[in-house]
Every structure is written in structure tokens, then in C-alpha cells.
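The block underneath contains the structure these notes are about, expressed in C-alpha cells.
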Amino acid sequence: MQETPFCLSVGNLLSYSMSDSNSTDFTNPSTFILVGIPGLEAVQVWISIPFCAMYAIVILGNFTILFIVKREPSLHGPMYYFLCMLVVADMVPSTAVLPKMLSIFWFNSREINFSACLTQMFCLLSCSAVHSGILVAMAFDRYVAICDPLRYSTTLTNPVVAKIGLALVLRGVMLILPYPILARRWPYCRTNIIPYTYCKHIAVVKLACADIRLSSYYSLAVAFLVTGVDVFCITMSYTQILRAIFSLPTKDARLKTFGTCGSHFCVILASYIAHLFSALTERFGHNMALHFHVLMNNMYLLVPPMLNPIIYGVRSQQIRDSLLQLFTH
């Protein structure tokens with residue numbers, strides 16, 4: 001049977017690692033080695049340019065959203081508070097990954113401390129769970145605003161919004177905390193080389209020379225509790241929203257009402273389509289080269305956070321007007 005490019009790339013990396021470290025005990029590794037983009041080491045400096053540009057857009061765009069919401073009193077409402085939470089949840093993962101990725105590309109600094117690796121993994125997974133929960137909270141915000149507008153100001157008060165945000169953070173932390181705890185307890189005796197630019201959970205798990213079925217089962221349970229339940233809640237919210245919109249008497253009223261949740265709907269599509277594409281590529285893309293997997297994972301960390309402030313900047317009239325006022329002054 002002919003070996004796929006993905007398997008060949010992984011096999012070459014593991015062979016190199018074992019030949020280079022036969023005399024080394026990895027039971028409790030102090031460091032891991034991040035390869036970067038396997039097979040594209042010669043052009044990693046050039047690849048860093050678009051990644052730098054995207055990260056600059058992420059930081060500039062999201063900080064602009066935060067600054068405008070803080071500066072403009074008319075934006076001090078539940079929808080924009082949830083947007084600020086989403087912005088922070090977007091920036092943390094890319095900030096946790098990009099500096100180390102660029103140090104690999106520019107300075108060939110591939111080592112990462114074991115504890116730092118687990119911390120990076122925890123940040124990525126917990127922020128992903130928090131991000132998904134915030135999308136649900138924003139869908140609930142639009143549901144109350146459109147389906148029960150008279151009770152909107154009494155339902156989503158500032159203390160309620162703060163409690164929702166705290167609950168989402170606690171949910172993300174509590175669900176993801178077992179990942180690094182399990183990873184720290186396992187012995188590592190195969191290799192300490194990770195064929196990615198960051199500590200991806202599945203890549204770290206595969207290095208353990210122990211039964212990792214518990215981690216696999218727990219990952220499936222978390223995927224159901226987070227992504228499955230959140231998508232269901234968002235779907236139910238938008239089902240009710242669309243029913244309320246289509247019951248309006250005129251076309252103009254329907255378009256105007258739908259426009260109030262258009263930005264959120266676009267952000268949901270950008271987030272979950274990118275997540276679905278990444279998951280499908282990981283699950284069924286065994287015939288694809290390893291460097292393609294690595295590039296897609298990096299794009300997944302950067303593209304949605306880059307698009308979100310652009311979407312809200314273009315589609316939200318209040319943010320657009322505040323931004324124009326800022327540049328005018």
C-alpha cells in the first residue's frame with residue numbers, strides 16, 4: 001500500500017527524532033521541540049510576512065473595537081459588552097501562538113518548556129470554549145432584543161451581562177482544565193518533537209507512551225458539551241428570531257430588524273465554518289501533506305479574529321459612525 005504524504009512526513013520526523021535521541025529519557029521532558037512548518041523550513045521567513053500582517057490586523061482591529069466601545073457612551077449596552085468579550089477571547093489564542101511561531105521562523109528558536117507548552121494548550125482550548133459560549137450569549141441578546149424588546153433593558157442588565165461573562169469563563173476553565181492535568185501525568189518515551197508551530201493538544205497526546213483513551217473520550221464529551229450544545233442553542237435562538245422577523249408586516253421592517261443581527265450571524269458563520277473546515281481536514285485529510293495541515297491550523301487561529309472587527313466595522317452603523325468621528329477629529 002502506498003504511504004500518504006501526511007504519513008511520510010510524520011514518519012520522517014519521528015525517525016529523525018528517535019535516531020537523534022535514542023539515549024535520552026523523555027519520561028518527564030523538560031522541553032518540547034516545535035518543528036514549525038515541516039517541509040517548508042527554507043521559506044518560513046517569507047511565510048512569516050503574511051502571518052505578521054494578519055496578526056497586526058487582529059491586534060489593531062480588535063483594540064480599535066475595544067477603544068470605540070469604551071469611548072462612546074451610546075455603545076455601553078449588552079450587545080457591545082458581549083462584543084468586547086468576544087474580542088478578548090479572539091486575541092488571546094493568537095497572542096499565545098504568534099510570538100513563539102515567529103521566533104521559530106526568524107531565530108530558529110524551536111524549544112518550548114514543558115509547562116509553557118501545557119499553558120499554551122490550555123489557553124487555546126479554554127479560549128475556544130469561551131468564544132463559543134460568547135456566540136451563544138450574543139444570540140440570546142439578539143433573541144431578547146427582537147422577540148421580547150419591551151423586556152430587553154430589564155432582562156439584560158449590566159450585572160446579568162457580567163454574570164453571564166463570568167459563567168462562560170468558568171465553564172471554559174473547568175471543562176479544559178483536565179487536558180493539561182492529564183497531559184502532565186503521562187509518561188513521554190517516544191520523542192519530544194511536535195510537528196506544529198504550537199502545542200496542539202492532539203499532537204502532544206500522541207507523544208505519550210500510555211493509554212490515551214481517557215483523553216479521547218473526554219475530548220469527545222467536551223466537543224459535544226461545548227460545540228454541540230452551543231450550536232443547538234444558537235440554532236434555536238435564530239429559529240425564533242426568524243419567525244419573529246417574518247411575522248413583521250412590511251419588507252422594510254423585516255430587513256431593518258434582520259440587519260440588527262446580521263453582524264453576529266456573519267461572525268457565527270466565520271467562526272464555525274473555519275472550525276468545521278479545520279476539523280474535517282484533521283479527520284479526513286490523511287492524503288494531504290503535513291505542512292498543509294499546519295498552515296490550515298495556523299490560519300484557523302488568525303482568520304476569524306481578523307475578520308470579526310472588519311465585519312462589525314462594516315455592518316454596524318454605530319461603530320462605523322464612531323470610527324469616522326474618531327478619524328475626523
Side-chain angles (χ1 to χ4, degrees), residues 51-99 102 120 122-142 145 152-153 156-173 230 259-272 274-275 300-329:
F51 282 135
C52 269
M54 285 190 286
Y55 183 60
I57 295 172
V58 168
I59 296 300
L60 180 62
N62 286 290
F63 267 112
T64 300
I65 295 290
L66 291 174
F67 177 75
I68 288 175
V69 172
K70 182 180 183 300
R71 179 178 178 273
E72 185 59 47
S74 64
L75 301 180
H76 293 177
M79 182 175 75
Y80 294 102
Y81 290 150
F82 286 133
L83 175 59
C84 290
M85 296 179 197
L86 187 74
V87 161
V88 174
D90 277 339
M91 286 194 295
V92 172
S94 54
T95 302
V97 169
L98 255 293
L102 294 179
Q120 188 186 65
F122 175 76
C123 284
L124 294 175
L125 294 174
S126 59
C127 284
S128 178
V130 172
H131 183 278
S132 182
I134 293 170
L135 292 178
V136 176
M138 296 174 82
F140 176 70
D141 168 82
R142 291 299 85 203
Y152 180 73
S153 59
L156 287 172
T157 60
N158 287 348
V160 170
V161 171
K163 290 176 183 176
I164 291 174
L166 180 61
L168 294 175
V169 172
L170 289 176
R171 183 190 75 153
V173 170
D230 289 355
T260 62
C261 54
S263 300
H264 177 242
F265 190 70
C266 292
V267 168
I268 289 173
L269 289 178
S271 299
Y272 282 117
H275 179 74
Y300 169 66
L301 291 174
L302 287 169
V303 172
M306 182 182 68
L307 291 178
N308 291 349
I310 296 173
I311 291 170
Y312 272 94
V314 170
R315 293 195 58 86
S316 175
Q317 181 70 36
Q318 288 175 289
I319 290 181
R320 192 163 65 246
D321 291 345
S322 299
L323 189 60
L324 289 174
Q325 275 188 346
L326 181 64
F327 280 112
T328 301
H329 288 310

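What you are looking at is a predicted structure, and each value in this text was computed from that prediction instead of being measured.
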Over all atoms of both residues, closest heavy-atom pair of [X] and [Y]:
X: Cys123; Y: Ala96; result: CB-CB, 4.5 Å
X: Leu168; Y: Val130; result: O-CG2, 3.6 Å
X: Val161; Y: Tyr81; result: CG1-CB, 3.9 Å
X: Tyr312; Y: Met138; result: OH-CE, 2.8 Å
X: His131; Y: Ser271; result: CE1-OG, 3.1 Å
X: Ile268; Y: Leu135; result: CG1-CD2, 4.3 Å

Taking [X] for its side chain and [Y] for its backbone only, find out whether a donor-acceptor pair lies under 3.5 Å.
X: His76; Y: Val69; value: yes
X: Ser132; Y: Ala129; value: no
X: Asn62; Y: Pro305; value: yes

Taking atom [atom1] of [X] and atom [atom2] of [Y], what is their separation to the nearest 0.5 Å?
X: Phe67; Y: Glu72; atom1: CZ; atom2: CD; result: 10.5 Å
X: Ile59; Y: Met54; atom1: CD1; atom2: CE; result: 13.0 Å
X: Phe51; Y: Leu302; atom1: CZ; atom2: CG; result: 6.5 Å
X: Arg171; Y: Leu166; atom1: CZ; atom2: CG; result: 13.0 Å
X: Ile319; Y: Leu83; atom1: CD1; atom2: CG; result: 5.0 Å
X: Ile310; Y: Cys266; atom1: CD1; atom2: SG; result: 12.5 Å

Indicate yes or no: at least one non-hydrogen side-chain atom of [X] is less than 4.5 angstrom from one of [Y].
X: Val87; Y: Pro309; value: no
X: Asp141; Y: Leu156; value: yes
X: Thr95; Y: Tyr55; value: yes

Exercise for the section: Determine, stepwise, if the pair Tyr272 / Asp230 fulfils side-chain contact (heavy atoms from CB on, under 4.5 Å). Expected result: CA-CA 11 Å; Tyr272 282 117; Asp230 289 355; 3.9 Å; yes

Problem - Test applied, side chain to side chain contact (heavy atoms under 4.5 Å, CB included); reference residue, Ile68; option that passes from Ile65, Leu66, Thr64 - result: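 Only match with Ile68 under side chain to side chain contact (heavy atoms under 4.5 Å, CB included): Thr64.
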
Exercise for the section: For Tyr300, look at atom OH and say whether over 12 heavy atoms of other residues, nucleotides or ligands are found less than 6.0 Å away. Expected result: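 It does: Tyr300 OH has more than 12 such atoms within range.
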
